[in-house]
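Note sheet for the following structure.
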Amino acid sequence: MADVHAFLATLVGQTGEQARAAIGQHFPGKFQVDVLSEDSMVTMDYVPSRIRVFVNAAGVVTAVPQPG
């Protein structure tokens with residue numbers, strides 16, 4: 001899982017769609033990727049196959065995406 005976290009850290013500063021595409025290329029078929037506004041309300045359930053990517057109003061990733 002360390003490989004996943006290290007890769008996800010490189011996505012900060014990209015657009016949400018660039019991040020979604022990069023995750024899909026790096027881990028094909030492994031994760032469902034949700035791109036959400038940084039102020040979105042989300043459920044607290046943990047889904048290991050999900051990665052949430054939070055973006056600002058300009059659509060730029062503002063924090064390291066996290067699995068779950």
Side-chain angles (χ1 to χ4, degrees):
M1 200 64 136
D3 178 47
V4 173
H5 291 290
F7 174 75
L8 294 176
T10 68
L11 302 176
V12 176
Q14 295 185 23
T15 68
E17 290 310 310
Q18 288 171 329
R20 181 195 310 270
I23 294 167
Q25 281 186 320
H26 201 77
F27 304 103
K30 184 170 182 172
F31 295 107
Q32 169 193 331
V33 181
D34 297 333
V35 178
L36 306 161
S37 172
E38 61 189 353
D39 61 353
S40 293
M41 292 189 347
V42 296
T43 61
M44 297 300 293
D45 60 327
Y46 182 79
V47 180
S49 62
R50 175 180 61 206
I51 295 179
R52 289 181 174 150
V53 178
F54 291 96
V55 297
N56 63 13
V60 176
V61 179
T62 56
V64 177
Q66 298 294 318

F27 CZ to L8 CG distance, which is reported to the nearest 0.5 Å: 6.5 Å

Cluster overlap V33 with V12, hydrophobic side-chain contacts below 4.5 Å: yes

Least distance between heavy atoms, P48 atom then P67 atom: O-CB, 4.3 Å

L11 and its side chain to side chain contact (heavy atoms under 4.5 Å, CB included) partner, picked from V53, I23, V64, I51: I23

Nearest atoms (heavy-atom pairs only) where D39 meets S37: OD1-OG, 2.5 Å

Heavy-atom closest contact (R50 atom, T43 atom, distance): NH1-OG1, 4.3 Å

Summary of salt bridge (charged side-chain N to carboxylate O under 4.0 Å, His left out) pairs that have at least one residue in residues 7-26, sequence neighbours excluded: E17-R20

Evaluation steps, side chain to side chain contact (heavy atoms under 4.5 Å, CB included), between V55 and V61: CA-CA 4 Å; V55 297; V61 179; 4.1 Å; yes

V35 with F54, same ILVMFWY side-chain cluster at under 4.5 Å: no

